Amino acid sequence: MSQHINVFEMAQSQLRATARHLDGLTPGLIDVLAMPMRQLTVNFPVVMDDGSVRVFQGYRVQHNSSRGPTKGGIRYHPEVDIFETSALAMWMTWKCAVANIPYGGAKGSIKLDPKQLSDRELERLTRRYATEINIILGERSDIPAPDVGTNPQTMAWIMDTISMQRGQTSLGVVTGKPIELGGSLGRVEATGRGVVVTAEEACKIMNMKLEGARVAVQGFGNVGSVAAKLIEDMGAKVIAVSDARGGIYRKDGLPIAKELYGRYAGRDGSLADYKDADQITNEDLFGLDCDILIPAALSASITKENAGKVKAKLVVEGANGPLTPDADAILEDKGILVCPDILANAGGVVVSYFEWVQDLQNFFWDEDEVNVKLEKLMRHSFGAVRSTMEQHKTNMRTAAMIIGVKRVAEATMVRGIFP
Ligand code: GLU
């Protein structure tokens, strides 16, 4: 898991591998891109329900703002640190550039297990954290959104905290908000929807039919649960899903929309409690005989230790950084097509962008408009990555990185280095 693997080094090694394909990327420019421009660490107190005071550590990292304000989620997880947060911020930069939306990358996090706190404690924690990092936030400078362990309610607290401090209601300071509060229709499903559109496009390359394809999904949070539901809706058979505590398997397909989505997505219960299927571990899930594997949990879940047993023909990265570079190489040797995170899971930030645009213009779109624009953008990005793959004769991750890094490098060069 991520604590044993330095994911920041992993992100830097992906950048250096990409740089080899790009003429004109000077060593100085690579150094600029290899480091986050700003890292803020905050230690802040929270009054717990029993009256005691606990100090939490949080971060906000902005990687690069050459193409626009920085953008990226906020993660609540016991194992986050400044390195992982920096890697996630760097991936956001490339992701926004591949999708060609006018943002740089950022990420925030607090080291905690949100399940151990009451709602009132979570609210106080979120409001204090938002206050601490507010010095670098703003709708024109850095815009947070949900990530692992946070949700629209968290974003509502952040929006309210910043608005109260400013003395004005500021919708555009954060995205992924509830619909009642300037959120966008379609945002909750956006990342999963983008993953499924990517899977559909990838199937075309592989002459594989999505209809009837056997799919395994690791992770049943916002991304995994929606991806499972939508891919089932498109005629695929979801044979296995898992969450942090374990997974379930049924050879002829699990009832995602009918039972599992409503019962387990975004709830406290675990899939392991579901009795009408075989119990499996997360590790078993990776080795299942299936057509499509969607890792949609945490970074570095597939490593050199378990990559060898993957039998899927196609891997679509719903999570950020689920494969280590070693695992990437093993899957490539096995002829497995990997659709990388910075392309496949961009749907979330794309609809965050739509939300921000709607907030800034105070004019809101209907859900159909959001979904049509999202799909069009995802298919367009996929097409660009596919042609770069052919042109540079590389795998899909390097192709996506080539596009992302090139766009950011060009923006940096044409702006020039200040002063
Ligand atoms: N946390 C999501 C991601 O990793 C969404 C970020 C956003 O919407 O700004 O892409």
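Each ligand, and each atom within it, is numbered from 1 in the order the structure gives. None of the values given here were measured: they were computed from a predicted structure.
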Task: Enumerated ligand 1 atoms positioned under 4.0 Å from heavy atoms of G348 - done: 8 (O)

Open item on the list: Quick check: K71 and ligand 1, any N/O pair under 3.5 Å apart?
Closed with: yes

Side-chain donor-acceptor contacts of residues 334-342 below 3.5 Å, not counting sequence neighbours, with atom names and distances?
{"unit_1": "K334", "atom_1": "NZ", "unit_2": "G308", "atom_2": "O", "d": "2.4"}
{"unit_1": "K334", "atom_1": "NZ", "unit_2": "V310", "atom_2": "O", "d": "3.0"}
{"unit_1": "D341", "atom_1": "OD2", "unit_2": "G321", "atom_2": "N", "d": "2.7"}

TODO: Establish, from distance only, whether the side-chain atoms of Y261 and E259 form a donor-acceptor pair under 3.5 Å.
DONE: no

Task: Face-on cation placement of K373 at W365 ring, 6.0 Å and 45° thresholds - done: yes

Open item on the list: With a 4.0 Å cut-off on heavy atoms, is P146 in contact with ligand 1?
Closed with: yes

Open item on the list: Under 4.0 Å, heavy-atom basis, I'd like to know which part of L88 is in contact with ligand 1: side chain, backbone, both or neither.
Closed with: neither

- [ ] Look at ligand 1 and say whether G72 reaches it with a heavy atom at a distance under 4.0 Å.
- [x] yes

- [ ] Using a strict cut-off of 4.0 Å, indicate which atoms of ligand 1 neighbour a heavy atom of K95.
- [x] 3 (C), 4 (O), 10 (O)

Open item on the list: Any salt bridge linking E79 with K111? Criterion: basic side-chain nitrogen under 4.0 Å from a carboxylate oxygen.
Closed with: no

Open item on the list: Please work out, at 4.0 Å between heavy atoms, whether the side chain, the backbone, both, or neither of K107 comes within that distance of ligand 1.
Closed with: side chain

TODO: Any atoms of ligand 1 less than 4.0 Å from a non-hydrogen atom of V349? List them with their elements.
DONE: 7 (C), 8 (O), 9 (O)

- [ ] Check the side chains of S65 and T70 for a donor-acceptor pair under 3.5 angstrom, ignoring hydrogens and angles.
- [x] no

Task: Exercise: do N306 and E283 side chains pair donor with acceptor under 3.5 Å - done: yes

Open item on the list: Could you check whether any heavy atom of M92 sits closer than 4.0 Å to an atom of ligand 1, since that is the contact criterion I want to use?
Closed with: yes

List the atom pairs, with distances to 0.1 Å, where a side-chain N or O of residues 35-42 and a protein N or O form a donor-acceptor pair under 3.5 Å, not counting sequence neighbours.
{"unit_1": "R38", "atom_1": "NH1", "unit_2": "Q62", "atom_2": "OE1", "d": "2.9"}
{"unit_1": "Q39", "atom_1": "NE2", "unit_2": "S86", "atom_2": "OG", "d": "2.9"}

- [ ] Name the closest protein heavy atom to atom 5 (C) of ligand 1, giving the residue it belongs to and the distance to 0.1 Å.
- [x] R187 NH2, 3.6 Å

Task: From CA spacing to verdict: side chain to side chain donor-acceptor pair (under 3.5 Å), R67, N100 - done: CA-CA 9 Å; R67 304 180 70 255; N100 213 2; 2.7 Å; yes

Open item on the list: Considering non-hydrogen atoms of the protein only, which is the closest contact for atom 8 (O) of ligand 1, and what is the distance?
Closed with: S352 OG, 2.5 Å

TODO: Write out the residue and atom name of the closest protein heavy atom to atom 7 (C) of ligand 1, then the distance separating them to 0.1 Å.
DONE: A145 CB, 3.3 Å

